[in-house]
Amino acid sequence: QALGEYGASPSLAPPAGPPCPTASASVSVHAPMAAVGTGHSEDATASAVRLAESANSSQLIVVSCYTRFDNLAHGPRGTQAVRSLYTFWMDPADGQMTLLSVSQDTVMNPAFSRFHPRQNILYTCTESVAEPGEIVSWSVDPSSGKLTKIGSCSAGGTSTCYITIDKDCENMLVVNYWDATIGVFGLSKADATVTGVRSMFDPNEGRPMKARHDKHVNHSENDEKAQKERQSDPHSHAVILDPFFGQVAYVPDLGMDLIRQFRFDKASGTLTAAGTCPSGPPGRLALGPRYIEFHPSFPVAYVVNELSSEVSVFSFDRQAAEALVKAPPGQGSSEPTLRLVQTVKTIPEAFPGHLNTCGRIAVHPSGMFVLVSNRGHDSITVFRVHREMDAAGLLSVASTQHTRGATPRHFQFDGSGQWLITANQDSDKIGVFRFNLATGKLEWSGQQYEVPSPNFVCSVVPHAAPPRAASSAPAAASKL
C-alpha cells in the first residue's frame, strides 16, 4: 500500500544531539510530522521520578536460555544451557542481583516471556524450526522466585517468538516466526490458563515454505545470500495491539518488508487482514522488520528493521484506525493507519551493515528515549525522543554503548526504569547498566552474571496477593 509522498524536509529534521563518536548521524525525515499533543498532563520527567519511587523490593528478573542449538534458525556461539530459566532478585537501590532459583522443569528453548498484567503467571514460548512451538505457563512465587510449570499448549506453528495479551486479559496473540502464522488463544479469567486456540491466520495461505527447516542459511548471517533466502517466505516476527482502541493489530513481517495490519475482534478471537504498509522508505529492499513499539503518549510507532540496522518512525492515524474498528464486519478499510515520517541508522555509518543485525527495540517508560540493540556491533544505541510540536516523536542519537558482551539479543529495564539488563547471547553473560535519564547514557555498573546462552530478560514485579480472611497463624518469614 502506498504511504503517500516522501519528500526530504531539512527544516523538519530534529536538532542534532550531543556528539557521539560511535553513533551514526544518518537520519532521513520522510514527511512532515503533524503537530501532536502528549495526551497526558504529567511532565515526562515527573513521570519518570514517580515511576522510580514506586519501585519496590520485589523486583524479580527472569532470564531464559537456549537449551538446544541444532533446531534453531540462527547459530548461537555460546554454551548450550541445561536449565532453561534463571530467576534473580534485583536490589533497586544499586542494581545488584542475586540468583534465587533455576527451573527444574524441562522446557526446550524458551525465547520470549510475558508476565500476566494481573496475576503472578509467567508465559514463555519455545523456539524451534523443526518442532511445533509451545506456550508454557508458570506460577511465580513472589518470595522465593520459584517458577512452577502449571501448563502448556501447542502454539500452532514453529519457532514461536512473540506473545501479546489484550487489555481485558481474555486473549493471547501469538506469533510463529518460521511458518509466519499468527494465533489467537483464549485465557481463563479465573486462573489465567491458556484455554486453547480460537483462530489462526496464515499469511502464506497454506502454501509450503520455500526454505526447509533441515536445510537453510544461518539467520545470524546478513550477507546478500542470507538476506535473499530469509526473504523468500513470509516471516511474522511480533504482534502488538494499538494503545488507543486495542483493536488494530500490527505484525512486522521480516520476510516481506511489511507491517501487516489486522482488525482484532476480541469477542470472536479473530484477526481480519486490513492492509499492509512498507516498513521503510519505498523501493528499499532487505529491511527485515523485527519488532514494533508505540510511544506511551505520542501517536507514534517505532519499527526496528533487523537487516538494514535502521529504525523507522511512523505517525499513527487515529481517524483511519477508528474508521477501521467501527466499520461493519467485512466492510473495514484497508487504508494504512501508519505513515512513515523518519528513518535513522542504529550503527555508525562506516560500520559494515552485513556484520550487524538488530535485536530488540524498546521505548523507555518515561517516553524520553528509544533504545535498540545491535548484534554484531555489540552495542545499544539510545535515541532521544523529541517533544517539539513540529517534531514530536522523531529521533536523534543520544549515545551508543558497548554491551560488555557478544550478541545482545535482548535487554530489559527493571520496574523503576533506572537499571537496564542485557542478554549477551554468545558470551554467556548478562550485564547491568545504570540508565541516566538526563543524558540517555548507559553507565556500566560493573555487575555481570554468568548465564548460558541468555536470549530474553523479563522484568517481573509480583502482584500483591488478594486480601485473605484474618488468621491467628503467624505470617511466614520473607525468603528475601
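Just the heavy atoms: all of them, side chains too, but no hydrogens, waters or symmetry mates, feed the values below. Because the structure is predicted, anything quoted here is derived from the model rather than measured.
For residues 157-169, the pairs satisfying salt bridge (Lys or Arg N to Asp or Glu O under 4.0 Å) are Asp168-Lys266, with sequence neighbours left out. Every pair passing salt bridge (Lys or Arg N to Asp or Glu O under 4.0 Å) that includes a residue from residues 288-309 is listed here, sequence neighbours excluded: Arg230-Glu306, Arg290-Glu306, Glu306-Arg375. Every pair passing ring pair (Phe, Tyr, Trp, His ring centres under 6.0 Å) that includes a residue from residues 146-170 is listed here, sequence neighbours excluded: Phe112-Tyr162, Tyr162-Tyr291. Within the structure, side chain to side chain donor-acceptor pair (under 3.5 Å) pairs that include any residue of residues 191-201 comprise Asn171-Arg198, Ser188-Asp191, Asp191-Thr193 (at least two apart or interchain).
Here Phe314 and Tyr302 keep their ring centres 6.0 angstrom or further from each other. Ring centroid separation for the pair His116 and Trp138 does not come in under the 6.0 Å cut-off.
Between Phe298 and His295, the angle of the ring planes stays under 30°, which puts this pair in the parallel group of the 30/60° scheme. In this structure, His235 and Trp178 have tilted ring planes: the angle between them lies in the 30° to 60° band. Using bins of under 30°, 30° to 60° and over 60° for the plane-to-plane angle, the ring pair Phe294/Tyr250 lands in the tilted bin.
Contacts of Val325 classified as side-chain contact (heavy atoms from CB on, under 4.5 Å), with partners at least two apart in sequence or in another chain: Phe245, Gln247, Val248. For the side chain to side chain donor-acceptor pair (under 3.5 Å) test, no residue two or more places apart in sequence or in another chain qualifies with Glu229. Residues forming a side chain to side chain donor-acceptor pair (under 3.5 Å) with Glu322 (at least two apart in sequence, or on another chain): Lys326. Not a single salt bridge (charged side-chain N to carboxylate O under 4.0 Å, His left out) links Arg318 to another residue, sequence neighbours left out. For Glu450, there are no side chain to side chain donor-acceptor pair (under 3.5 Å) partners at least two apart in sequence or on another chain. With sequence neighbours excluded, the residues forming a side-chain contact (heavy atoms from CB on, under 4.5 Å) with Asp426 are Pro76, Arg77, Ala406, Thr407, listed by chain and number. Evaluation of the side-chain contact (heavy atoms from CB on, under 4.5 Å) rule for Thr403 yields Asp378, Ile380, Pro408, Thr422, Asn424 as partners, not counting sequence neighbours. Considering only residues two or more places apart in sequence or on other chains, Ala155 meets the side-chain contact (heavy atoms from CB on, under 4.5 Å) condition with Ile135, Thr160, Val174, Asn176.
The shortest distance between side-chain heavy atoms of Ser236 and Thr181 does not fall below 4.5 Å.
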